[in-house]
**Q** 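My structure is below; once you've seen it, I'll send some questions.
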Amino acid sequence: MSQHAALPARYDHVGSFLRPQYLLEARAQKASGEITPEQLRAVEDKAITEIVKFQEDIGLKSITDGEFRRTYFHIDFLDQLGGVKTDIPVTIRKPDGTEELAPPVLRVIDKVRHAKDIQLADFQYLKSQVSAGNTPKVTIPSPTMLHFRGGRAGISKTAYPELDPAFYDDVAKAYGDELRSLAAAGCTYVQMDDTNLAYLCDEKMREAARQRGDDPNELPHRYAAFINKVVAQKPAGMLLAMHLCRGNFKSTHAAAGNYEPVAEALLKEMDLDAYFMEYDDARSGDFKPLRFLPKGKTVVLGLVTTKFGEMEDKDELKRRIDDAAKYVPLEQLALSPQCGFSSTVHGNNIAVEAQRAKLRLVVETAQEVWGTR
């Protein structure tokens with residue numbers, strides 16, 4: 001097992017923030033052809049400069065661009081890999097007669113490859129805005145997102161008659177190329193966002209996996225081996241973390257369940273540096289699964305919800321940190337919100353001021369529990 005990198009601080013955040021109204025309006029203008037991509041990017045630059053200052057004023061040490069250039073946390077990245085295609089969202093009619101927009105669907109139609117540097121220009125702008133002493137963090141979707149949603153049926157049998165090892169090796173190589181391009185530009189912190197392992201804690205999702213022909217007991221171990229193929233290509237000095245998410249679209253969630261079904265594969269088998277784990281309410285279960293965490297790794301406890309504006313009690317947060325420390329040494333724990341505030345462009349049902357207050361609560365609580373780090 002490799003030596004694990006340390007987080008910039010004992011407090012962190014998952015990455016996405018509520019989009020300012022002027023940015024949403026600019027995106028709509030770009031979609032209708034009223035402004036050019038270059039004009040939209042200038043608006044995004046302005047919004048990112050502001051959200052960097054927002055984070056630094058709160059006292060955060062890891063700084064993201066708020067995912068302000070994205071519509072979805074995963075689609076906008078994965079769609080730029082060679083061999084990956086997104087089906088355009090369509091309006092579907094539900095049994096009750098109402099209509100809704102079906103989410104976009106990713107398909108692997110050819111050999112997966114790193115066709116271009118995806119996050120490089122975005123990182124370079126972010127880095128230029130972050131103050132010395134703070135760490136710019138890049139968030140990207142987990143590579144497992146290319147498999148879990150569609151399973152075998154979502155991956156071309158022409159390109160990949162067998163998934164193992166060719167598909168997993170190609171995706172890992174593409175991710176490795178992306179990490180190397182970021183490292184060459186000075187990036188030292190990358191977070192991979194993964195819904196799939198959290199979904200495999202939910203019996204409904206586990207049954208859906210069975211219906212696709214996958215074994216939900218085997219998948220976590222397969223995904224651990226898959227992630228480790230990426231980790232094996234991680235540039236020296238880069239911190240690689242994973243965020244586990246149960247769904248975060250407009251303050252809703254898609255899955256529930258204790259981490260126990262995936263804990264050993266997630267914490268013990270994956271050679272990652274840190275894990276952001278959602279623990280904001282009862283649907284996440286207890287802290288017992290954390291017992292699988294080896295020495296040297298960090299679990300960032302997502303105890304503060306981003307879904308709703310009601311504020312958590314600081315003393316209760318400290319009590320829950322103490323509960324987690326019964327299974328993991330306190331020095332291997334940190335604190336964060338449970339998810340981003342806007343995993344998609346639509347944002348959660350929470351006010352900007354509540355977003356600020358919750359992040360300040362995270363920073364203050366962590367400083368009181370662990371000191372300055």
Side-chain angles (χ1 to χ4, degrees), residues 6-20 50-67 130-131 133-135 137 139 189 191 193 241 243-248 250-253 274-287 290 298-326 328 330-343 347-373:
L7 292 166
R10 292 288 180 185
Y11 45 89
D12 212 318
H13 65 112
V14 172
S16 64
F17 288 102
L18 299 171
R19 276 53 160 184
E50 292 174 356
I51 202 64
V52 167
K53 185 177 188 303
F54 174 89
Q55 294 168 78
E56 293 188 334
D57 286 349
I58 289 167
L60 293 167
K61 297 300 181 183
S62 74
I63 311 295
T64 73
D65 64 4
E67 301 183 6
V130 173
S131 300
N134 290 335
T135 303
K137 176 169 78 168
T139 61
Y189 188 179
Q191 171 190 299
D193 296 311
H243 168 236
L244 282 294
C245 179
R246 291 175 167 82
N248 195 47
K250 292 184 177 180
S251 295
T252 63
H253 67 269
Y275 305 87
F276 289 73
M277 298 178 70
E278 298 192 343
Y279 272 112
D280 58 319
D281 61 24
R283 66 195 167 87
S284 299
D286 59 25
F287 296 117
L290 300 183
T298 302
V299 163
V300 187
L301 299 171
L303 303 181
V304 175
T305 191
T306 64
K307 297 183 185 300
F308 308 105
E310 183 179 356
M311 290 295 294
E312 288 78 3
D313 178 76
K314 186 184 290 186
D315 288 338
E316 176 64 11
L317 293 179
K318 291 178 180 179
R319 185 193 65 77
R320 297 198 69 203
I321 293 168
D322 286 342
D323 285 347
K326 295 174 183 176
V328 178
L330 187 62
E331 61 267 23
Q332 286 183 255
L333 295 173
L335 181 64
S336 77
Q338 134 270 344
C339 197
F341 293 89
S342 188
S343 298
N348 282 349
N349 183 27
I350 190 169
V352 171
E353 282 312 305
Q355 178 179 249
R356 184 191 305 272
K358 283 176 175 282
L359 288 167
R360 281 182 171 155
L361 176 63
V362 166
V363 172
E364 291 171 4
T365 303
Q367 287 176 337
E368 291 175 17
V369 171
W370 287 281
T372 56
R373 267 194 54 77

**Q** Please walk me through it: do M277 and L290 pass side chain to side chain contact (heavy atoms under 4.5 Å, CB included)?
**A** CA-CA 10 Å; M277 298 178 70; L290 300 183; 3.8 Å; yes
**Q** So, using side-chain contact (heavy atoms from CB on, under 4.5 Å) as the criterion, who are the partners of D57 when residues are at least two apart?
**A** K53
**Q** Working to the nearest 0.5 Å, report the span between CD of Q55 and CG of N134.
**A** 9.0 Å
**Q** Going by heavy atoms in the side chains, are P337 and K358 under 4.5 Å from each other?
**A** no
**Q** Measure across L244 and E278 and return the closest heavy-atom pair with its distance rounded to 0.1 Å.
**A** O-CG, 3.1 Å
**Q** Could you tell me which non-hydrogen atom of S336 sits nearest to which non-hydrogen atom of F276, and how far apart they are?
**A** OG-CD2, 3.8 Å
**Q** Show your working on side chain to side chain contact (heavy atoms under 4.5 Å, CB included) between E331 and R10 and close with a plain yes or no.
**A** CA-CA 9 Å; E331 61 267 23; R10 292 288 180 185; 3.9 Å; yes
**Q** Distance from T305 atom OG1 to I350 atom CD1, nearest 0.5 Å?
**A** 7.5 Å
**Q** Do you know the tightest heavy-atom contact between T139 and V14?
**A** CG2-O, 3.6 Å
**Q** Using 30° and 60° as the class boundaries, would you call the ring planes of F287 and Y279 parallel, tilted or perpendicular?
**A** tilted
**Q** Rounded to the nearest 0.5 Å, what separation is found between the CD atom of E312 and the CG atom of L361?
**A** 6.5 Å
**Q** Would you call V369 and L330 a side-chain contact if the rule is heavy atoms closer than 4.5 Å?
**A** yes
**Q** Go through the steps for Y11 and I58 under the test side chain to side chain contact (heavy atoms under 4.5 Å, CB included), then give the verdict.
**A** CA-CA 11 Å; Y11 45 89; I58 289 167; over 6 Å; no
**Q** How long is the gap from CG on L301 to CG on D12, to the nearest 0.5 Å?
**A** 12.0 Å
**Q** Looking only at non-hydrogen atoms, find the nearest pair between Q355 and L18 and report the distance.
**A** OE1-N, 3.0 Å
**Q** Could you tell me if the side chain of Q191 sits less than 4.5 Å from the side chain of T64, heavy atoms only?
**A** no
**Q** Okay, side chain of K61, backbone of G133: is any donor-acceptor separation there less than 3.5 Å?
**A** no
**Q** Would you find a donor on one side and an acceptor on the other, under 3.5 Å apart, between the side chain of H243 and the backbone of Q338?
**A** yes
**Q** For D322, check side-chain hydrogen bond (donor to acceptor under 3.5 Å, both in side chains) against everything at least two apart and list the hits.
**A** none
**Q** Would you check if the side chain of T306 reaches a backbone N or O of G340 as a donor-acceptor pair within less than 3.5 Å?
**A** yes
**Q** CZ of F17 to CZ of R356: how many Å apart, nearest 0.5 Å?
**A** 10.5 Å
**Q** Please tell me if the side chains of S62 and L7 come closer than 4.5 Å, counting only heavy atoms from C-beta onward.
**A** no
**Q** Using 0.5 Å steps for rounding, measure from the CD atom of Q367 to the OG1 atom of T365.
**A** 9.5 Å
**Q** For H13 and L60: C-alpha separation, side-chain torsions, deciding distance, then whether side chain to side chain contact (heavy atoms under 4.5 Å, CB included) applies.
**A** CA-CA 8 Å; H13 65 112; L60 293 167; 3.8 Å; yes
**Q** E316 pairs by side-chain hydrogen bond (donor to acceptor under 3.5 Å, both in side chains) with which of K318, R320, K314, R319?
**A** R319
**Q** Heavy atoms only: give me the nearest A366-L335 pair and the separation to one decimal.
**A** N-CD2, 4.2 Å
